[in-house]
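Because only heavy atoms are used, hydrogens play no part in the values below, and waters and symmetry mates are left out as well, while side chains stay in.
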Amino acid sequence: LLLLRDNLCDFLVKHYENYSFEEWVFEHNLSETWREIAHDLKTPLTRLRETILNQEKPNKEKENIINKIIKDIDDILSLINLGIKRGQTGVTKIWLFSFFKKLEDIHGRNIQFEIIVPENVYIMGDTQYLKRVFNNIIQNAKEAKATKVKIELKNKQLLIQNNGQELSPDIRGKIFEKEFSTKANGSGLGLYIAQKILSFYNAKIELIETKPVTFSICFKELYHENN
């Protein structure tokens with residue numbers, strides 16, 4: 001599972017890292033090879049996941065192992081879906097305030113959102129990929145026991161701050177590395193993939209504060225529409 005996950009991650013990242021953003025987002029047709037890979041992998045992995053989840057309640061040691069296997073399977077399925085959706089979506093206007101309000105609808109039961117973003121600001125991009133970026137960031141905040149997330153736009157800098165467990169300053173330069181994780185069962189792929197996706201937008205993500213945990217995303221192009 002780990003080898004499969006890593007190979008899929010490398011395939012997606014290496015396949016796109018030399019593309020310009022325009023080339024990347026307008027390439028809608030998936031190769032037949034990728035379709036076959038996706039079909040052949042998704043069905044057995046989904047069945048395996050369901051089989052594991054339907055097992056009798058294990059002891060604590062086995063439960064940790066099972067949770068790790070489920071996490072690896074979910075990472076693989078997520079990478080497969082990421083490749084598939086690449087061929088099904090394209091460039092659209094993404095209104096940032098509305099985009100974050102929809103994320104609040106998804107995650108708002110467990111976490112309180114404060115969104116300080118003008119309603120007339122948008123970027124050009126692929127909604128599915130941008131969802132992947134921010135879902136990863138918010139999921140990390142939830143796993144760090146955060147109860148609040150603040151999203152604020154200052155000029156072309158987007159700040160995402162949470163009140164979860166603080167991070168060690170030592171990890172600031174490592175947190176976006178592949179397979180680096182602060183969690184025992186973490187895959188170390190979430191922020192790594194988020195950074196790669198944002199690079200397609202000529203955007204840069206950084207961890208600028210470890211207490212409170214604050215990420216900065218600087219967009220090269222932000223657009224304003226006057227009413």
- Tracing side-chain links under 4.5 Å among I, L, V, M, F, W and Y, which residues wind up in one group with L159? I208
To the nearest 0.5 angstrom, please state how far the [atom1] atom of [X] sits from the [atom2] atom of [Y].
X    : Y    : atom1 : atom2 : value
I106 : Q139 : CD1   : CD    : 11.5 Å
I175 : L207 : CD1   : CG    : 5.0 Å
L96  : Y122 : CG    : OH    : 11.0 Å
I94  : M124 : CD1   : CE    : 8.5 Å
I197 : R132 : CD1   : CZ    : 6.5 Å
E152 : Q161 : CD    : CD    : 8.5 Å

- Can you see which heavy atom on H107 is nearest to which on N135, and at what distance? NE2-OD1, 2.8 Å
- Message: If you compare all heavy atoms of I116 against all heavy atoms of K150, which two are closest, and at what distance to 0.1 Å?
- Response: CD1-CE, 3.6 Å
Atom [atom1] of residue position [X] - does it have more than 12 heavy atoms of other residues, nucleotides or ligands inside 6.0 Å?
X    : atom1 : answer
D105 : CG    : yes
K142 : NZ    : yes
K156 : NZ    : yes
K211 : NZ    : no

With a 4.5 Å cut-off on side-chain heavy atoms, are [Y] and [X] touching?
X    : Y    : answer
I111 : N162 : no
P169 : T210 : yes
I138 : F113 : yes
L130 : D126 : no
V213 : I160 : no

- Task: Check side chain to side chain donor-acceptor pair (under 3.5 Å) between S216 and all other residues, then give those that pass, not counting sequence neighbours.
- Result: Q157
- side chain to side chain contact (heavy atoms under 4.5 Å, CB included) assessment of L191 paired with I137: CA-CA 7 Å; L191 291 176; I137 294 173; 4.1 Å; yes
- Message: I need the single residue from F100, F215, F134, F99 that forms a side-chain contact (heavy atoms from CB on, under 4.5 Å) with I151. Which is it?
- Response: F100
